[in-house]
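Written out below as structure tokens is the structure these notes cover.
Keep in mind the model is a prediction, meaning the values are calculated, not measured.
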Amino acid sequence: MMDPRIWLEDSTETTFEWVMARTDRTLESYGGSGFDTAKSELFDILSAKDKLDLGTLRGGYIYNFHTDGNNPRGLWRRTTLEDYLSEPVWDVLLDIDALGAAEGESWVFGGANLRRPNFDRALITLKPGGSDANVVREFDLETRSFLDDGYSAPASKGSMSWTENDSVLVARDFGAGSLTDSGYPRSVRLWKRGTSIADAPTILEGEREDIVVSASHDFTPGYERTFAARATDFRNTILYEVDEETLELTEILLPHSAGVGMVKDWAILELRYDWHLDGTTFAAGSLLALPYADALTGPVADRVVTIFAPTPHASLAGLTELQSGIVFTTLDNVRSRVYFAAIDTWEVTELHPDLGEFDSIGVSAVDRERGDDVWVTTTGFLTSTTLLYGSASKDGLDIAQVRSTPERFDASGMVVRQRWAVSADGTRVPYFLVGAREAIDGGAPARCLLDGYGGFEISRTPGYAGTYGKGWLEKGGVYAVANIRGGGEFGPSWHQAALKEGRHRAYADFAAVAADLVATGVTTVDRLAAIGGSNGGLLMGNMYTTYPELFGAIVCRVPLLDMKRFSHLLAGASWMDEYGNPDTDDWEFLQAYSPYHNVSAGGSYPPILVMTSTKDDRVHPGHARKFVALLEECGHDVEYYENIEGGHAGAADAEQSALSLALIFQFLERRLA
């Protein structure tokens, strides 16, 4: 299939001139006092010094990464646990802004992995311009400097992490043929101090068609183990235990489609599909435990314990491992619930934190290797994020508030509602509504922004977004979030219903929510906008081409749009398990939801703002560019903005994020009735 706009996928001067001409035109069009005011308000929120700084306990210190107006690229720092729980006194270890200035690089911090047992060294990940490709360098915490003779890996997608005996597990681009078709490492090596990375022995090598190969080490005292993993596609991973002396691999004999973790001498499974074992069926979406020894020799059904089984309205949302058990969260009609399961007996107790009706909750271990202390975060659309600290057990949550994020907008008179739309095939689809009571209850139709994603089993749950509150809700707008199929809100079946040839169900669900917002008087078509990014950008492309009559405007961010070429661009090959393979008969259904192939020159479409990043090395910016070029050729109303930095996030710091958000809100203010 000949593509006359394929040149827009290239990184050439001609392409860059095309990009900048449209980006500059868009910025010039929206420049002015209104835009500047909006950008300033949003920047104040994104760069605030009093944001909630979450931390990680390592040894006796809480480590944290912080950004604000004076430090847009951020500070990696630490404080004692005692101070963190009262008034933190931060000790700055690494200033990313200063580092970038000194080295002439636009660094974005990608994380720090500390060396045990003394936590005196760290592997620092740095992302040029926010790309997925990263540089890893060894950092000395005593001298506050990078080691010239330490571990170091040049820019590549991949990872590096500590294992025993001062060695590292490294998965990188090792040269020709060392990456998968998706652009991720095809092998992982054990690299020992004082040796060359070129001489590091290979632990595991996969096939070119695989997604990625990786490795990790479990440092739990008495249960230290190294694991290597080969992801053969987006949903299946072959896991091995590694003998670091001999590099012998022992396969973990559990379903490749399951999420697998280890807690002491138990294996924990999250099932994506039904598991048939010894005449017993364990349902998809279940959380299971079985002796780790059985995972090596072969599982036995009567030794598998069901910790959680899904229901039509309840699904597993997440879990964290503690020294004496696990805490797991569920979504019950997209509302959070929390449980504790004790190791060995696996007796389950529901915990009852003080939550608002629509608040989301997150629980994470403070130090899972050494205790049962937990961090608990609660957040809602109108309630700022709160951090609590304490312990979890079968007797309950013993927690106390540490601090909360200040309120960033005036929520007076605003309410949150959960409603249900009916999709084309009769499926009930939930969605959240946030805004002024009068508009929510249909008394005065308002401008409404409908958000969605619908892919990769990712759930959309309530969370405090001060920027949307300031830039949209406070200005009288209503915000809606659709929990459409393709997501994880109701477990694996909700996701799998919208895979490949079923993708249209996600789009029909979103369209049903849009229609319901109008039918219930919340808004009108000319006052309704839709927004989504990445896979949600593909969703927006399909709203544009298939359901244009439902919307007054559309915002499409870092999108997939060309479903004929997606698997040949950057990480696209890794998503064929989600969408299909366009080089096979799958193209018969893929072309139906490839927005790039479904634009009509004579069609009537709402105005659309398309946004991407030059540095996005996950979803190629060529998707957005070619789509915009096509719309321009057809004479349709399209505006374009491409940020030079930011990677797939679309922005590398608070200033860039504020600009992008201000542009979105100004576009909606101008284009909606």
Any idea which heavy atoms bring Ile484 and Gly454 closest together, and the distance?
CG1-CA, 3.6 Å

Between Arg460 and Glu489, does any NZ, NE, NH1 or NH2 come within less than 4.0 Å of an OD or OE carboxylate oxygen?
no

Go through the steps to decide whether Ser613 and His648 satisfy the test side chain to side chain donor-acceptor pair (under 3.5 Å), and finish with yes or no.
CA-CA 7 Å; Ser613 164; His648 193 51; over 6 Å; no

Asn542 (side chain) donor-acceptor with Leu538 (main chain) under 3.5 angstrom:
yes

Taken in chain and number order and not counting sequence neighbours, the residues that satisfy ring-ring contact (aromatic ring centres under 6.0 Å, His included) with Phe667 are none

Flag the pair Arg625 and Glu632 as a salt bridge only when some basic side-chain nitrogen lies within less than 4.0 angstrom of an acidic carboxylate oxygen.
no

Carboxylate-amine/guanidinium contact Asp91 Arg77, below 4.0 Å
no

Do you see a donor-acceptor pair shorter than 3.5 Å between the side chains of Asp68 and Ser47?
no

Under 3.5 Å, is there a donor-acceptor pair between the side chain of Ser384 and the main chain of Thr405?
yes

Is it true that Phe119 and Tyr63 have ring centroids separated by less than 6.0 Å?
no

Smallest heavy-atom separation, Leu8 atom then Ala629 atom, equals CD1-CB, 3.7 Å

Tell me whether the rings of Tyr579 and Phe566 are parallel (<30°), tilted (30 to 60°) or perpendicular (>60°).
perpendicular

Rounded distance (nearest 0.5 Å) linking atom CG of Leu659 with atom CG of Leu46:
11.5 Å

Working note: Glu103 + Arg137, criterion salt bridge (charged side-chain N to carboxylate O under 4.0 Å, His left out); need CA distance, chi angles, decisive distance, verdict.
CA-CA 14 Å; Glu103 298 184 346; Arg137 294 155 63 181; 2.8 Å; yes

Tyr453: partners by ring-ring contact (aromatic ring centres under 6.0 Å, His included), with sequence neighbours left out
none

If the threshold is 4.0 Å, N to carboxylate O, is there a salt bridge linking Lys475 and Glu41?
yes

How far apart are the C-alpha atoms of Trp191 and Leu169, what are their side-chain angles, what is the distance that settles it, and do they pass the side-chain contact (heavy atoms from CB on, under 4.5 Å) test?
CA-CA 6 Å; Trp191 187 11; Leu169 303 165; over 6 Å; no

Using the side-chain contact (heavy atoms from CB on, under 4.5 Å) rule, take Met543 and Phe510 through it: C-alpha gap first, then chi angles, then the decisive distance, then the call.
CA-CA 8 Å; Met543 292 304 103; Phe510 194 85; 3.3 Å; yes

Do Phe381 and Phe432 have ring centroids that are under 6.0 Å from one another?
yes

What's the spacing between Asn643 CG and Arg557 CZ if we round to 0.5 Å?
10.5 Å

Nearest non-hydrogen partners of Ala530 and Phe551, listed with the distance:
CB-CE2, 3.6 Å

I need the minimum non-hydrogen distance between Met414 and Phe409, along with the two atoms involved.
SD-CE1, 4.0 Å

Would the number of heavy atoms belonging to other residues, nucleotides or ligands and lying under 6.0 Å from CZ of Phe358 be above 12?
yes

Run the salt-bridge test on Arg408 and Asp50 with the 4.0 Å N-O cut-off and return the result as yes or no.
yes

Exactly one of Thr386, Thr379, Thr377, Thr383 clears side chain to side chain donor-acceptor pair (under 3.5 Å) with Asp359, and that residue is Thr383

Check the angle between the aromatic planes of Trp375 and Tyr84 and answer parallel, tilted or perpendicular using the 30° and 60° thresholds.
perpendicular

In the structure I gave you, are the side-chain heavy atoms of Val610 and Tyr641 within less than 4.5 Å of one another anywhere?
no

side-chain contact (heavy atoms from CB on, under 4.5 Å) between Ile554 and Met540, worked out:
CA-CA 7 Å; Ile554 290 175; Met540 292 304 102; 3.9 Å; yes

Is the shortest side-chain N to carboxylate O distance from Arg671 to Glu639 below 4.0 Å?
yes

If you compare all heavy atoms of Gly646 against all heavy atoms of Gln656, which two are closest, and at what distance to 0.1 Å?
N-OE1, 4.3 Å

Does a salt bridge link Asp132 with Arg618, judged by any charged N lying under 4.0 Å from a carboxylate O?
yes

Test side-chain contact (heavy atoms from CB on, under 4.5 Å) applied to Thr23 and Glu28, step by step
CA-CA 9 Å; Thr23 295; Glu28 182 178 351; over 6 Å; no

Indicate yes or no for a side-chain donor-acceptor contact from Ser131 to the backbone of Lys127 under 3.5 Å, with no hydrogens or angles considered.
no

Donor-acceptor check, side chain of Arg144 to backbone of Val92, threshold 3.5 angstrom: yes or no?
yes

Return the CD1 to CG distance between Ile124 and Asn134, rounded to the nearest 0.5 Å.
12.0 Å

Does any part of the side chain of Pro621, heavy atoms only, come nearer than 4.5 Å to the side chain of Thr614, both counted from C-beta?
no

Closer than 3.5 angstrom, by distance alone: can the side chain of Ser182 be matched with the main-chain N or O of Ser574 as a donor-acceptor pair?
yes

Phe665 and Trp472 aromatic ring geometry - parallel, tilted or perpendicular at 30°/60° bounds:
parallel

Straight-line distance of Arg73 CZ to Thr67 OG1, nearest 0.5 Å:
10.5 Å

Give the intermediate values and the outcome of salt bridge (charged side-chain N to carboxylate O under 4.0 Å, His left out) for residues Arg121 and Asp140.
CA-CA 5 Å; Arg121 300 273 183 90; Asp140 187 294; 3.2 Å; yes

Heavy-atom donor-acceptor pair, His623 side chain to Asp562 backbone, under 3.5 Å:
yes

With a 3.5 Å distance limit and no angle check, can you tell me whether Ser567 reaches the backbone of Ala573 through a side-chain donor-acceptor pair?
no

Determine the interplanar angle of the Tyr544 and His636 rings, folded into 0 to 90°, and report it as parallel if under 30°, tilted if 30 to 60°, perpendicular if over 60°.
perpendicular

Ring centers of Phe627, Tyr640 separated by less than 6.0 Å
no

Just by distance, with hydrogens left out, do Arg5 and Tyr596 show a side-chain donor and acceptor under 3.5 Å apart?
yes

Could you go through the side chain to side chain donor-acceptor pair (under 3.5 Å) check for Ser161 and Asn113 one step at a time?
CA-CA 7 Å; Ser161 61; Asn113 183 251; 5.3 Å; no

Does atom CD (Glu474) have a neighbourhood of more than 12 heavy atoms from anything else shown, all under 6.0 Å?
yes

What is the distance from atom CG of Leu663 to atom CZ of Phe35, rounded to the nearest 0.5 Å?
5.5 Å

Gly129 versus Val108, closest heavy-atom pair with distance
C-CG2, 4.0 Å

Got a second to check how far Ile361's CD1 is from Thr461's OG1, nearest 0.5 Å?
11.5 Å

Between Tyr431 and Asn483, does the side chain to side chain donor-acceptor pair (under 3.5 Å) criterion hold? Intermediate values first, please.
CA-CA 6 Å; Tyr431 65 96; Asn483 301 117; over 6 Å; no

Which pairs with one or both residues in residues 7-16 pass side-chain hydrogen bond (donor to acceptor under 3.5 Å, both in side chains), sequence neighbours excluded?
Glu9-Arg565, Glu9-Lys626, Thr12-Thr15

